[in-house]
Amino acid sequence: MMINITIDGRPVEVEEGTTILNAAAKAKVRIPTLCYLPEVQAIGACRVCLVEVEGNRTLQAACVAPVANGQVIHTNTERVRKARRFSVEMLLSNHPFECLSCAKNLHCDLQSLAYDLGIREIRFSGEKSGGRIDESSPSIRRDQNKCILCRRCVTVCQEIQSVTALYMQGRGFETRVEPAFDRDINDVACTNCGQCSIVCPVGAITEKEYIDDVWAALNDPTKFVVIQDAPAVRAALGEEFGYPPGTLVTGKMLAAARRLGFDRVFDTNFAADLTILEEGTELLTRVKKGGVLPMITSCSPGWIKFIEHFYPELLDHLSTCKSPHMMLGALAKTYFAQKVGIDPKDIVVVSVMPCTAKKFECNRPEMYDSGYKDVDYVLTTREFAKMIKQAGIDFEGLPDESYDDPLGEYTGAATIFGATGGVMEAALRTAYEVATGKTLESVEFTGVRGLDGIKEATVPVDGIGDVRVAVAHGLGNARKLLERIKKGEANYHFIEVMACPGGCVGGGGQPIPVNNEIRSLRAQALYNEDCALTHRKSHDNPSIKKIYEEYLGQPLGERSHHLLHTHYTPRSKF
Amino acid sequence: MDRSVLEGDPHSVIEAMAIAAYAIGAQQGYVYVRAEYPLAIERLNWAIGQAREYKFLGKNILETDFNFDLEIRIGAGAFVCGEETALMISIEGKRGEPRPRPPFPVVKGLFNAPTLLNNVETYANIPAIINNGAAWYAQYGTEKSKGTKVFALAGAVNNTGLVEVPMGTPLGDIVFNIGGGIKGGKKYKAAQLGGPSGGCIPIDHLNVPVDYESVAELGAIVGSGGLIVADEDTCMVDFARFFLDFIQHESCGKCPPCRIGTKRMLEILRRITHGEGKPEDIDDLIELATRIKDSALCGLGQTAPNPILSTLQYFKHEYMEHIEDKHCRAGVCSALFDAPCQNACPADQNAWGYVTLISEGRMKEAIAVIKESNPFPATLGRVCVHPCEAKCRRAQIDAPISICSLKRYAADVDMKSHPRYKPPVEEPKGKKVAVIGAGPAGLAGAYFLALKGYGVTVFEALPVAGGMLAVGIPDYRLPRDILESEVKSITDLGVEIKYNMAFGKDITAEKLFGEGYSAILVATGAHKGQKLNVPGEETPGVLDGVTFLRDVNLGKTLKVEGKVAVIGGGNVAIDAARAALRLGANEVSILYRRERSDMPAYVEEIDEAENEGIAIHTLTAPLSIVAKGGKAAGVECSRMSLGKFDKGGRRTPQAIPGSDFVVDADMVIAAIGQIPDLSWMNGDGVKADRAGTVEVNMKTLATGAAGIFAAGDNVRGPATVVEAVGDGKMAAMAIDEYLGGDGKAPNAFRDELVNMVVSYDEAAYQKELGRADMPHLPVSKRERNFNEVVLGYDERAAVEEAKRCLHCYVRQTE
Ligand SMILES: Cc1cc2nc3c(=O)[nH]c(=O)nc-3n(C[C@H](O)[C@H](O)[C@H](O)COP(=O)(O)OP(=O)(O)OC[C@H]3O[C@@H](n4cnc5c(N)ncnc54)[C@H](O)[C@@H]3O)c2cc1C
Ligand code: SF4
Ligand code: SF4
Ligand code: SF4
Ligand code: SF4
Ligand code: SF4
Ligand code: FES
């Protein structure tokens with residue numbers, strides 16, 4: 001039902017139940033917010049969005065207060081301005097002023113809010129609640145001194161990811177966001193998904209930066225530094241340089257990588273195609289030989305850690321395939337090293353990923369199959385952008401360049417890996433043709449695309465019958481599927497799980513902000529590229545054919561098994 | 001109070017909840033109890049069991065198709081879980097913290113279901129109301145606040161505990177009738193109503209009916225019925241800090257205004273109570289308080305600033321004293337002083353210093369310390385009201401140190417020694433100061449001015465020095481030779497006293513300035529007796545108290561015989577009564593319109609008067625003087641009852657109609673108060689204020705006229721000797737500063753004393769070694785003479801007594 005209200009003297013008609021914040025937006029009034037994050041939380045905690053509602057004794061938090069018919073709302077009175085400013089002043093009175101050396105400098109909501117509200121003097125000061133810097137995780141860095149207790153991270157971790165690695169501890173001035181019993185984040189069931197670092201409005205949770213290590217490798221003349229990037233990176237990196245979300249900047253990105261001094265520029269997509277062959281074969285084998293089903297994808301290391309912690313009893317459902325960039329790392333230090341005659345000990349593999357969990361993954365003890373650390377460093381999209389800026393590269397002015405052989409060629413199937421449902425779609429394209437020997441007429445399985453939390457599809461495959469598949473993104477959705485598997489209610493053959501909502505396009509290392517609109521735009525960019533490519537099925541990739549001929553033999557063969565597959569470690573929930 | 005309902009009558013709550021559930025169609029109820037109340041939980045559990053047995057709970061209650069059951073949820077005792085949304089979230093098993101409303105619980109509450117949420121006390125009323133009807137309940141209370149309310153009466157009252165009163169009962173009745181008044185005869189200062197986020201109600205509002213509206217008008221709340229009474233020993237800044245400290249720790253931490261704002265306020269209050277307050281702190285506190293109230297998420301934060309706002313409203317002066325004077329009148333904020341005894345002394349007498357020295361047998365040094373701030377130790381050792389003892393910490397163990405009598409002991413020792421102690425005098429400054437009035441204020445001023453190197457002349461209207469000490473206080477309390485000897489120690493410093501010189505008549509300010517005096521200190525006291533304003537007051541045989549005492553003291557031969565009635569309850573009344581007895585009266589009675597505990601005279605003096613056989617008629621007020629043969633023959637009196645509280649917190653006496661009676665008396669002495677005689681004022685810039693006292697700046701005692709200062713009773717109205725001495729000192733320092741000096745009072749011993757190592761006397765510390773009594777002259781030996789009644793300590797008793805001191809000035813080094 002539509003109702004009528006007045007905002008700052010102007011009549012507005014809005015749907016009943018709308019929040020004052022959204023109603024105001026309709027009236028073209030911007031109310032500042034801080035703890036509020038659409039799609040994540042509206043809890044009225046930070047008291048920055050206060051407005052005055054006639055007849056109400058107290059000021060109302062616009063982000064949560066629903067409008068009521070006939071309401072008269074003022075968003076810019078003296079009282080409102082003072083109250084909003086006061087909330088931010090209180091935060092500032094308890095904040096370290098380290099902007100100049102802060103990872104979020106110029107990208108910080110608190111900073112811009114202080115500016116917008118016209119705070120020009122620090123009126124209140126006193127003891128600071130302080131907090132610790134938790135560097136225990138290889139993926140995220142928590143600087144609790146900077147935390148403003150907006151709780152976005154807690155909500156994301158608990159309600160979207162269903163992990164609850166972080167929670168509110170203590171009360172009053174001692175309140176802090178910490179893992180249970182103030183343990184280090186690396187000692188609890190954190191999946192390293194980095195979603196918290198995406199939502200944190202300040203510099204309290206950021207990705208653990210490895211930029212300096214990468215600079216050191218690049219500056220070391222004895223090192224041969226190889227870079228690879230995941231598909232979701234090219235669909236988002238542009239945002240850091242002012243491009244609208246959904247702009248593919250592949251060519252400029254590669255040009256930038258060369259200018260930064262990387263010796264070879266490879267594409268994780270190559271390994272994605274490889275994954276499809278390995279995983280597809282694994283699936284067909286399981287189906288035919290009666291292996292553990294449903295089989296679940298394994299290319300999202302946040303997801304892997306999640307299942308290891310919370311459902312160790314279901315680990316057999318996981319595909320044994322490594323994530324694509326780990327496969328590429330292993331091949332770079334074996335296949336490629338041999339090919340160019342470089343001692344693998346001198347090769348440094350740097351992965352640019354949309355993901356913070358891969359920082360953890362590359363340090364797993366299982367990831368030394370080349371005899372060396374398969375991937376040396378993982379940088380997020382955000383870090384890579386920082387490097388480009390640090391190097392003074394004029395990104396916009398760069399020419400478009402392309403990937404290096406032999407690990408640079410890819411198909412449309414690989415590139416859609418970056419969006420939720422992409423792996424499934426790619427796998428279906430290959431599995432169908434391999435199993436049936438027929439050519440797919442339409443390669444697009446749109447049923448597994450989009451941002452629904454759990455998607456299901458059934459594909460009739462000659463000789464097998466109906467192949468039932470499901471796709472989940474975001475760990476909360478994954479948990480729901482796993483519960484169904486546990487109860488025996490999920491008779492799927494194959495499930496794709498991505499730890500981050502939207503898949504890698506919404507990964508924990510992606511440019512901020514991330515929301516559903518941006519996720520869709522980035523995904524669309526990948527689907528568009530898929531459409532435009534000649535090869536859209538992984539098994540059609542000439543370089544893939546070549547590597548099997550030259551080096552690997554066949555999917556699931558001896559070498560593949562050694563370099564491209566892995567095993568998992570049961571972990572505890574606590 | 002909820003706890004005692006659950007412990008005492010859990011069935012009432014169960015019954016009420018079942019009724020409420022029936023009314024709204026609920027099937028499940030919860031009782032949220034803090035884990036700290038195991039007895040309440042046990043009894044409620046037991047009562048729920050019984051109710052189920054009788055089918056008052058469970059399925060098909062009373063054979064109907066109504067089902068309802070109860071479950072107890074035990075909370076961890078967080079204050080914020082009293083907030084309804086936090087309470088529900090806690091029942092749901094989550095971290096207890098509030099959420100914004102709407103949605104309100106009635107729409108979407110516990111487990112997202114519509115929820116009726118009430119307090120235990122509220123529910124407990126329901127069965128009674130249903131049984132007796134709404135009209136029955138509504139007969140209690142006021143127009144808008146119906147029924148009764150339970151208060152948890154606590155703090156400085158004699159009777160603490162839970163009290164249930166009709167809404168609208170005056171606060172004073174709760175405190176004084178039910179609470180039995182303030183413990184230890186101390187003075188009421190304020191009552192904190194509504195718990196830690198309520199507000200305080202000061203003494204001038206004791207008549208406030210305790211109902212929601214009236215209390216809210218004063219800035220407090222009824223709230224959960226917490227009622228904490230604070231007496232004069234409570235520092236209101238510390239009081240506010242205490243509550244804020246509590247609230248600050250109970251903040252759930254969800255929203256910045258409360259989480260950080262209350263911390264900032266607390267920091268400011270801590271600073272102020274530590275003597276580090278700044279003038280702008282008050283504005284900051286008000287700004288923080290206003291903003292927090294406006295922007296906090298839940299009721300806890302929105303009300304957290306209340307104790308500060310309300311103490312600022314009524315006790316801003318205490319804040320200012322902490323900030324500007326670094327003084328805590330209640331003696332609570334210990335960072336502001338060395339020991340509570342000294343802090344309480346109007347003359348800033350270093351009590352702990354001389355007490356400690358006496359305990360070590362170092363009498364000579366003791367007198368030096370005393371004389372640093374007090375030229376009248378022998379006098380004050382006898383007649384001082386000793387506010388120091390009221391704050392002495394030893395009282396928390398047994399009884400306060402006899403600080404006053406120890407001073408008398410040291411002074412008496414000094415008086416007998418040769419040479420007597422003479423304080424160091426600064427280099428002559430070559431300037432002259434005139435002092436008007438040779439009372440304690442004037443002479444103390446003269447003394448300190450002399451110490452500072454000024455030439456001082458005192459002009460006194462009477463032929464004797466000492467002011468009220470000489471012509472007010474009778475000899476049996478202060479022997480004349482003692483006073484004279486103290487006056488001599490002042491003149492020995494070069495101070496000259498000119499007698500029979502009345503200011504305004506024989507000399508004027510203009511003349512004095514003309515004679516080369518650079519400044520004038522006017523200390524003319526309060527000597528005019530107040531009129532009774534009853535018919536027959538002019539009848540011969542009716543005297544006023546001060547005149548009577550002056551005549552007695554100046555040796556006029558007065559015939560006193562038969563029956564004497566003294567009207568009044570102050571020191572003048574008691575002194576007049578006891579003097580009349582000594583002069584030959586057969587029967588002396590004191591008529592006082594309030595109760596004995598209200599008498600302004602010192603308890604010791606009242607006790608002695610009664611010991612000597614003087615009858616005290618309280619709740620008795622004069623209506624007229626009965627005359628016979630042109631002479632006073634009695635006082636027609638009325639019995640009084642006590643009604644409403646006045647601004648000072650005392651109940652106003654009112655005549656009981658038809659209760660008149662006559663007290664026979666051949667002599668009637670009216671002693672109901674004195675006012676200063678300011679007839680010397682001649683429009684030269686010195687002004688009187690509305691109370692009829694001299695208008696001064698209370699920090700410098702400077703009057704409106706340049707170079708003229710005033711001190712003592714003519715500034716304060718009838719007060720005390722020690723205040724007069726303190727004033728004299730303060731005025732002397734202000735004059736010194738005015739004349740270009742440093743204005744610093746002598747303070748040579750403090751640092752050494754603070755660090756003094758004392759011989760530790762375990763017995764005195766550990767045992768409840770009671771206070772040593774002062775020997776008294778037996779009543780039989782007091783007849784018809786003015787011999788001193790209170791005799792002094794001997795050395796052994798003095799040292800023993802001094803050893804009881806706890807050395808409050810010794811600080812733990814941090
Ligand atoms: C009966 C009685 C008992 C008391 N008992 C106690 C007690 O036990 N303990 C206690 O602490 N307090 C007691 N007090 C109060 C205490 O005595 C006074 O507060 C104190 O004396 C005030 O000192 P003062 O110097 O201000 O005034 P006063 O002592 O009154 O001295 C003022 C002096 O100025 C003189 N004077 C007045 N006008 C002129 C003029 N125009 N020109 C020149 N000289 C003038 C007066 O004659 C007098 O000598 C008592 C008071 C009374 C009346
Ligand atoms: S978090 Fe924001 S406000 Fe805080 S130091 Fe970093 S940039 Fe500055
Ligand atoms: S990285 Fe992911 S799992 Fe770990 S704390 Fe952040 S949101 Fe939670
Ligand atoms: S760490 Fe960041 S997201 Fe989490 S509560 Fe603190 S400021 Fe908010
Ligand atoms: S006002 Fe205080 S108690 Fe209430 S929600 Fe905010 S922080 Fe928590
Ligand atoms: S115990 Fe001693 S130091 Fe403490 S208040 Fe009493 S007299 Fe003063
Ligand atoms: S944005 Fe509304 S309270 Fe934080």
Side-chain angles (χ1 to χ4, degrees), chain A residues 17 19 34-35 42-50 52 56-68 77-80 82-95 110 123-129 148-151 154 158 167-177, chain B residues 76 78-81 85-86 94-104 107-108 245-271 280-281 283-285 287-304:
Chain A
T19 60
L34 185 55
C35 66
I43 56 169
C46 76
R47 319 309 287 168
V48 164
C49 65
L50 295 175
E52 206 170 335
N56 283 19
R57 185 179 50 86
T58 51
L59 298 176
Q60 299 291 315
C63 66
V64 283
V67 291
T77 62
E78 184 77 357
R79 187 173 168 217
V80 160
K82 283 187 167 165
R84 287 178 184 167
R85 186 187 286 200
F86 180 74
S87 296
V88 176
E89 281 182 302
M90 284 301 100
L91 292 174
L92 294 182
S93 81
N94 191 32
H95 199 78
L110 183 62
R123 289 196 298 162
F124 301 102
S125 56
E127 189 195 325
K128 297 195 173 162
S129 53
I148 56 166
L149 297 175
C150 71
R151 303 177 176 218
V154 171
Q158 183 179 24
Y167 203 64
M168 311 309 298
Q169 312 287 340
R171 300 185 77 81
F173 195 63
E174 273 83 52
T175 310
R176 58 202 178 276
V177 169
Chain B
F79 183 69
V80 75
C81 288
T85 59
K94 300 182 208 139
R95 177 183 160 98
E97 49 184 28
R99 59 150 174 85
R101 295 172 306 181
F104 289 94
V107 179
K108 200 170 163 193
D245 203 12
F246 172 81
I247 285 288
Q248 204 268 318
H249 276 104
E250 292 296 336
S251 159
C252 83
K254 191 165 181 175
C255 68
C258 169
R259 176 179 74 239
I260 309 171
T262 55
K263 175 78 176 178
R264 296 294 167 252
M265 292 187 86
L266 187 62
E267 286 170 340
I268 295 179
L269 288 177
R270 286 219 180 105
R271 265 210 321 269
E280 60 269 27
D281 283 347
D283 285 346
D284 281 355
L285 279 176
E287 169 72 4
L288 280 157
T290 320
R291 296 297 148 237
I292 294 171
K293 277 178 89 81
D294 244 6
S295 52
L297 194 163
C298 84
L300 186 145
Q302 287 160 8
T303 58

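All figures in this text were calculated on a predicted structure; none of them were measured in a lab. Sequence lines set the chain letters: A, B, ... in the order given, protein chains first and strands last, and positions in each chain run from 1. Below, each value reflects all heavy atoms present in this structure, side chains not excepted, and no hydrogens, waters or symmetry copies.
The side chain to side chain contact (heavy atoms under 4.5 Å, CB included) test with B/Lys254 singles out one residue from B/Arg99, B/Arg259, B/Arg95, and that residue is B/Arg99. Screening B/Cys298, B/Pro98, B/Cys258 for a side chain to side chain contact (heavy atoms under 4.5 Å, CB included) involving B/Cys252 leaves a single residue, B/Pro98.
Using a 4.0 Å cut-off between a side-chain N of Lys or Arg and a carboxylate O of Asp or Glu, B/Arg264 and A/Glu89 do not qualify as a salt bridge. Of the charged side-chain nitrogens involved, at least one lies within less than 4.0 Å of a carboxylate oxygen, so that B/Glu287 and B/Arg291 count as a salt-bridged pair.
For B/Gln248, the parts sitting under 4.5 Å from any heavy atom of chain A are the backbone and the side chain alike. Looking at A/Glu52, there are no atoms closer than 4.5 Å to chain B (heavy atoms on both sides), in backbone or side chain. Heavy atoms closer than 4.5 Å to chain B are found in the backbone of A/Ser125, but not in its side chain. Heavy atoms of A/Ser87 lying under 4.5 Å from chain B belong to its backbone as well as its side chain.
Highest contact tally toward chain B, considering only A/Leu91, A/Val80, A/Val88, A/Thr58, is held by A/Leu91 [criterion: heavy-atom pairs under 4.5 Å]. Chain B forms the most heavy-atom pairs under 4.5 Å with one residue out of A/Met168, A/Arg57, A/Glu174, and that residue is A/Met168. Among A/Lys82, A/Arg79, A/Arg151, A/Gln60, the residue making the largest number of heavy-atom pairs under 4.5 Å with chain B is A/Arg151. Put simply, of B/Thr290, B/Thr262, B/Leu288, B/Ile260, the one with the most heavy-atom pairs under 4.5 Å next to chain A is B/Ile260.
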